[in-house]
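These numbers come from a predicted model, not from an experiment. When a ligand or atom number is given, it counts from 1 through the structure's own listing order. Values below: all heavy atoms of this structure, side chains included; hydrogens, waters and symmetry mates excluded.
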Amino acid sequence: MKMKIDEELCTGHGRCAHYAPKVFRLDEDGYNADRGSTIAVPEGEEKLALMGMKSCPERAITQVDD
Ligand code: F3S
């Protein structure tokens, strides 16, 4: 499973990392550290990754094809 974090849409709510700390990392300003990139979700973290994705009020995270 892969997820893309939109660089423009992330405004630093931090909910993604709250739900899925092993998937989403925040930078020192509280933004998703991987914004502008596509990340691979670690094995076994898919469910939490989806929760984190859905928790983002800006819909900055989308699931993309492997
Ligand atoms: Fe950014 Fe949404 Fe997470 S705004 S820090 S991707 S909850």
K.L.:
Locate the shortest heavy-atom distance separating C10 from A60; write the atom from each residue and the value.
P.N.:
N-CB, 3.7 Å
K.L.:
So R15 and P57, do their side chains get closer than 4.5 Å, heavy atoms only?
P.N.:
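Sidechains of R15 and P57: in contact.
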K.L.:
Taking the side chain as every heavy atom from C-beta outward, state whether I61 and C16 have any atom pair closer than 4.5 Å.
P.N.:
yes
K.L.:
What is the number of protein N, O or S atoms that sit under 2.8 Å away from atom 1 (Fe) of ligand 1?
P.N.:
1
K.L.:
Kindly indicate whether the side chain of N32, heavy atoms from C-beta on, has any atom under 4.5 Å from the side chain of R25.
P.N.:
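N32 vs R25: side chains apart.
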K.L.:
Over all heavy atoms of both residues, which pair between V64 and K4 is shortest? Give the atoms and the distance, please.
P.N.:
CG1-CB, 3.9 Å
K.L.:
Do R35 and D6 have side-chain heavy atoms sitting under 4.5 Å apart?
P.N.:
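SC-SC contact between R35 and D6 ruled out.
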